[in-house]
Amino acid sequence: MSRSSEFLETAEWEFGELFLRDGYVITAVEDIENLEKIRAAVTKEASRYLEVHPGEAEAFLNQVHEHVSPGKLNDLRLQVIKKVNAESSFRPWYYSLVRQSLAALVGNELAMQLRLNLSIQLPDDDSSLLPVHADVWSGDSPFEVVVWLPLVNCFESKSMFLLPPGPTQTLHECFAEYHDKSSEDLYQGIKDDLKWIEIKYGEVLLFNQNLPHGNRVNNESETRWSMNCRFKSVFSPYGDKKLGEFFEPVTLRPASRLGMRYRHPSIRG
């Protein structure tokens, strides 16, 4: 596809082409102050729940497995995410991290997921696995982009994997072969083509959730903490997750607000 007759700035076009080619982009967060607020709040609530002094945030989060067992992990996660979603500033903070990136990839009139998600993956724990999947396989709109935010450095098995666009197309061509097989069978069939994401705190991942992705047992010596949230153009088609139920408009422009309210006088009752 051409550059739309030069309507896009070169950097914006190149950013989008990278996303289309690889299925994801990693970029520096656009508001480091708000990122620090997010991590500080998560650290504060986790340490309060565990009744321990957190000390330095990165060290506490990386070593939280010293304070919580796999059996209690989900209780911790639910408590922290409950606190996060009760704070009205969290979603604006989260959006501020990727405002320009989302404008380049999705647009400037956005619908945002109503609730932020949090993942915690302890070392050697198989209770928090996300088997290989693509969100559209279970009813999500293909127009969504996931913003995946690490609260600690993530690498190798302490991170997530993604199947690039080329191998995904190959998978789709033989997808019927996996009809009666498990997600583990699927993983074994594509594992050699997977891209494991290496990303540092202070960076953010935006990825195409139409591509298969997931995680495996964390074999590293540190705990993974990451958040994720979906964004889409407010006027693009929705899947099972509807506007008002799962998504909320967050950046409607005045012309759209006027248009949505307008009723032609000839049809007034």
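In this chain, residues are counted from 1 in sequence order.
The 12-atom threshold is not exceeded at CD of Glu33, counting heavy atoms of other residues, nucleotides or ligands nearer than 6.0 Å. Counted within 6.0 Å of CZ on Arg253, heavy atoms from surrounding residues, nucleotides or ligands total more than 12; the atom is thus considered enclosed. The 12-atom threshold is exceeded at NZ of Lys37, counting heavy atoms of other residues, nucleotides or ligands nearer than 6.0 Å. Crowding of Glu173 atom CD: a count of heavy atoms from other residues, nucleotides or ligands under 6.0 Å exceeding 12.
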Could you check Asn85 against Leu116 for side-chain contact (heavy atoms from CB on, under 4.5 Å), going step by step and ending with a plain yes or no?
CA-CA 7 Å; Asn85 284 300; Leu116 300 174; 3.9 Å; yes
Checking side chain to side chain donor-acceptor pair (under 3.5 Å) for the pair Thr251/Glu109: CA distance, chi angles, key distance, verdict?
CA-CA 5 Å; Thr251 56; Glu109 292 192 288; over 6 Å; no
When you look at Val80 and Leu118, which way does the side-chain contact (heavy atoms from CB on, under 4.5 Å) test go after all the steps?
CA-CA 8 Å; Val80 174; Leu118 173 69; 3.6 Å; yes
Working for ring-ring contact (aromatic ring centres under 6.0 Å, His included), residues Phe161 and Tyr187
CA-CA 11 Å; Phe161 62 75; Tyr187 173 81; 5.5 Å; yes
Check against side-chain contact (heavy atoms from CB on, under 4.5 Å), Arg230 and Val145
CA-CA 6 Å; Arg230 289 166 175 77; Val145 167; over 6 Å; no
Please assess Arg224 against Asn215 for the test side-chain contact (heavy atoms from CB on, under 4.5 Å), listing each intermediate value before the final yes or no.
CA-CA 11 Å; Arg224 170 166 75 87; Asn215 62 28; 2.8 Å; yes
For Lys82 and Gln79: C-alpha separation, side-chain torsions, deciding distance, then whether side chain to side chain donor-acceptor pair (under 3.5 Å) applies.
CA-CA 5 Å; Lys82 177 181 177 182; Gln79 180 60 35; 5.2 Å; no
Could you go step by step and tell me if His179 and Glu177 meet the side chain to side chain donor-acceptor pair (under 3.5 Å) rule?
CA-CA 6 Å; His179 175 70; Glu177 298 176 12; over 6 Å; no
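Within the model, atoms CZ of Phe15 and OG of Ser101 stand 4.0 Å from one another, a figure rounded to the nearest 0.5 Å. The structure places CG of Leu149 at 9.5 Å from CG of Asn228, a figure rounded to the nearest 0.5 Å.
The minimum heavy-atom distance linking Val64 with Leu122 is given by the pair CG1-CD2, 4.2 Å. The shortest non-hydrogen separation linking Gln121 to Asn218 is O-ND2, 3.2 Å. Shown here for Pro142 and Asn210, the closest heavy-atom pair between the two residues is O-ND2, 3.1 Å. Residues Asp125 and Val217 share a closest heavy-atom pair of N-CG1, 4.1 Å. When all heavy atoms are compared, the tightest approach of Thr43 to Pro54 is CG2-CB, 3.7 Å. Taking both residues in full, the closest heavy atoms of Val132 and Pro212 are given as CG2-CB, 3.9 Å, listed atom of the first, atom of the second, then distance.
Side-chain contact between Pro70 and Ser127 is present, with at least one heavy-atom pair separated by less than 4.5 Å. Residues Phe207 and Leu162 meet the side-chain proximity criterion, which asks for heavy atoms closer than 4.5 Å. Counting heavy atoms from C-beta on, the side chains of Asp135 and Val146 come closer than 4.5 Å. Side-chain contact between Met112 and Cys229 is present, with at least one heavy-atom pair separated by less than 4.5 Å. You'll find the side chain of Phe235 stays beyond 4.5 Å of the side chain of Phe143, heavy atoms only. Looking only at side-chain heavy atoms (C-beta outward), Leu194 and His213 stay at 4.5 Å or farther from each other. For the pair Asp185/Ser183, no side-chain contact is recorded, criterion being any heavy-atom separation below 4.5 Å from C-beta on. The closest side-chain heavy-atom distance from Leu102 to Leu110 is below 4.5 Å.
The aromatic rings of Trp93 and Phe90 sit tilted, their planes meeting at an angle between 30° and 60°. Using cut-offs of 30° and 60° for the angle between ring planes, the Tyr262 and His264 rings count as perpendicular.
Residues Ile32 and Tyr94 share a single hydrophobic cluster, defined by chaining ILVMFWY side chains whose heavy atoms lie under 4.5 Å apart. Residues Ile199 and Met227 do not share a hydrophobic cluster, defined by chaining ILVMFWY side chains whose heavy atoms lie under 4.5 Å apart. Clustering ILVMFWY residues whenever any of their side-chain heavy atoms sit less than 4.5 angstrom apart, transitively, puts Ile190 in a cluster other than the one holding Leu129. Hydrophobic clustering keeps Phe155 apart from Ile26 (ILVMFWY residues linked when any side-chain heavy atoms are closer than 4.5 Å, directly or through intermediates).
A salt bridge is absent between Glu30 and Arg99: the closest approach of a Lys/Arg side-chain nitrogen to an acidic carboxylate oxygen does not fall below 4.0 angstrom. Here Lys200 does not pair with Glu203 in a salt bridge; the nearest charged N to carboxylate O distance is not below 4.0 Å. Ion pairing of Arg216 with Glu184 is present here, as a side-chain N (NZ or NE/NH1/NH2) and a carboxylate O approach within less than 4.0 Å. In summary, Glu248 and Arg91 engage in a salt bridge, as defined by a charged side-chain N under 4.0 Å from a carboxylate O.
Annotation: Trp225 is not in aromatic contact with Tyr201 [ring centroid separation under 6.0 Å not met]. Between Phe231 and Phe247, a ring centre-to-centre spacing not shorter than 6.0 Å is recorded.
A salt bridge (Lys or Arg N to Asp or Glu O under 4.0 Å) with Lys158 is found for exactly one of Glu220, Glu198, Glu222, namely Glu222.
Side chain of Glu144 to backbone of Ser141: a donor-acceptor contact under 3.5 angstrom is found.
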